[in-house]
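Letters A, B, ... are given to chains in the order of the sequence lines, protein chains preceding strands, and every chain is numbered from 1.
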Amino acid sequence: MSINTSPPSGTRDFLPADLARRRHLEGVIRRVYESFGFVALETPAFENLSTLLGKYGDEGDQLLFRLLHRRDKLARALQEPGVGEKDLADLGLRYDLTVPLARVIANAKDLPRFFKRYQIQPVWRADRPGKGRYREFWQCDIDITGTTSLVAEAEVCGAVVRVFEELGVRDITIALNHRQLLRCLIQAAGLPPAQEETALVAIDKLDKIGLDGVRKEFTTRGIEATAGERLLTLITRPPEGSSPSPAGPRPPTSPAIEGKGPADGEAGAQLPPTADHRAATADHRAAARADHRAEVAELDRLAGLLADVPEAAGPLAQLRELLDIAAGSAAGPYLRIDATLARGLGYYTGPIFEIRSPAFRGSLGGGGRYDGLIGMFKGTAIPAVGFSIGFERLLLVMEERGLFGSVSWGPDVLLCRFPDVAPADALRTASALRQAGLKVEVFPETPKIGKQFAYAESIKVKLAAILGATEAQEGKLSVKHLGTGEQLTLPLAAAIARLREWSKAG
RNA sequence: GAGAGAGUAGCACAAUGGCAGUGCACUAGACUGUGGAUCUAGCUGUUGCGGGUUCAAGUCCCGUCUCUCUCCCCA
């Protein structure tokens, strides 16, 4: 009788090779976020259910992992008449990193007025796993609280863009929309406010299922045909040729990435970026800068259509201002107005964004302004805006494109020992190597030395230190480079120096 | 939540309803202070699980579990 040893579906074990890549990626993200002045925060894996419920919309509530009451409390709850699912749990695994942040802001006393935090932690969703989709996955969030200034939007978008640029994933766009603008569009199309949510969900799928698909969706969800058609006309962006944009087809694609297969993957993987990388990025930005005008034109088009809706003026002005501000940030060239962008989460109130790339079906991350969320925990409302990168999806894209290059991990040296040397002497030698900064594994047994070398190869260790009676008596150590076969017997200090030299050379 | 496909050794895969196999990996030896190549030998199985049809089931049927893909939804 054996039990299933694979981790639960939608979760993964991370073996050393996986972790080497994950840590590398996380390090880049951390560094970029910190360069924008964000500071680290971590929160518990689980929260009170009341903290989580009602923040993400109905769909989100459904997907919350709930934790049952413990012990007696569960037994008592089960005995209550008419007990329902909701009465059995009081805690839930965090569903995202934004709601826990909002709770922290509402709870904490002496945070800076503008709290800029980043948070890289797992979140859990009781969802069905698929490609690039897990039940446990990592998000990399940045948020700025305490200001309504659109500088905050530009900064979070800029930081996210810098992460992608650093990693060599440049064929991205940031779709940009505004929750209030969406509401106005739906209103202008003549849809009743009750159908707002339904309509949002349907049009959010436009880029996946196409116009006809959305029409079908409208019908099945009981949205009146003429109003639906009006809405589609409002949100559909005219083809590029009819706009005054001098730019080429979009989304802008860097020549360095175009047609790139996994085979020639190393370029752009190294950090800091190479001169080529910088040049490619600069070209890309220059090309994309011309598109700024196209985005303004799209806003003009929407403004024209919404001339009769006074509530639309505010959000339109905000998007315009955001485009202007972002022109000075890394995000500028990547922003693209997309009136079909809706975003699933319930708490957004202002500008909303989503990172897209041809490399992945679905988004690589998203965010937006949520000025009401913190107020749900605290009497006074505190404005906030944030952006989240989907860690595993970014990782997936990088793996598919071979952008990791060679990320090394594991020990530098395997200390091999002949049977005529006491284990204690081997450990003393290992200590000396470790004090010199080398990562040293001691082979625990004493089979034939060749077997020990073979083991070193199998764990990708290139250097061997060999300790036998001969060396031990003379205070020496043999060192061998398993790649070249070069071997020397040297006094301990010289042997260490040689190992460090080899190790540095990679 | 809906639909389709797949489960055979650690991994990759074979086997017309008729003896469960091949490659890689692993272990040992050729080679007792020197690995990678080669050769030789060896090890690896409740064919996901439970039932049914059959003289006979990895193979056909039913159920179930798991995984993959598509849809839904999302990061």
Base, sugar-phosphate alone, or nothing: which one does [X] contact when heavy atoms must sit under 4.0 Å apart?
{"X": "A:Lys480", "result": "base"}
{"X": "A:Gly60", "result": "nothing"}
{"X": "A:Arg343", "result": "sugar-phosphate"}
{"X": "A:Gln62", "result": "nothing"}

With [atom1] as the reference atom in both, quote the distance from [N] to [M] in angstrom, rounded to an integer.
{"N": "B:rU46", "M": "B:rA9", "atom1": "C1'", "result": "13 Å"}
{"N": "B:rU47", "M": "B:rG58", "atom1": "P", "result": "7 Å"}
{"N": "B:rU53", "M": "B:rG63", "atom1": "C1'", "result": "15 Å"}
{"N": "B:rA12", "M": "B:rA25", "atom1": "C1'", "result": "11 Å"}

- prompt: Does the ring of A:Phe137 lie flat against the base of B:rA75, closer than 5.5 Å centre to centre with planes under 30°?
  reply: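 The ring of A:Phe137 is stacked on B:rA75.
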query: Do A:Arg128 and B:rC74 share a donor-acceptor pair, side chain to base, under 3.5 Å?
result: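 Flag unset: no donor-acceptor pair detected.
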message: Counting Watson-Crick and G-U wobble pairs with both distances under 3.5 Å, what is the dot-bracket string for RNA chain B, 5' to 3', using [ ] for crossing pairs and | for pairs to another strand?
response: (((((((..((((....[..)))).(((((.......))))).....(((((..]....))))))))))))....
task: Ignoring the backbone of A:Ile466, work out which of B:rG36, B:rU34, B:rC31 is nearest its side chain.
output: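 Closest nucleotide among those given: B:rU34.
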message: Can you tell me if A:Ser9 touches the phosphate of B:rC67, counting only side-chain N or O atoms and a distance under 4.0 Å to OP1 or OP2?
response: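 So the side chain of A:Ser9 is within the cut-off, an N or O lying under 4.0 Å from OP1 or OP2 of B:rC67.
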Whole-Å gap separating C1' (B:rA75) and CG (A:Leu341):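 In whole Å, B:rA75 C1' lies 14 Å from A:Leu341 CG.
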- prompt: With a 6.0 Å cut-off on ring centres, are A:Trp124 and A:Tyr134 close enough?
  reply: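 Not under 6.0 Å, so no.
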query: If you round to the nearest 0.5 Å, how far is CG of A:Leu150 from CD of A:Glu155?
result: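 One finds 12.5 Å between CD of A:Glu155 and CG of A:Leu150.
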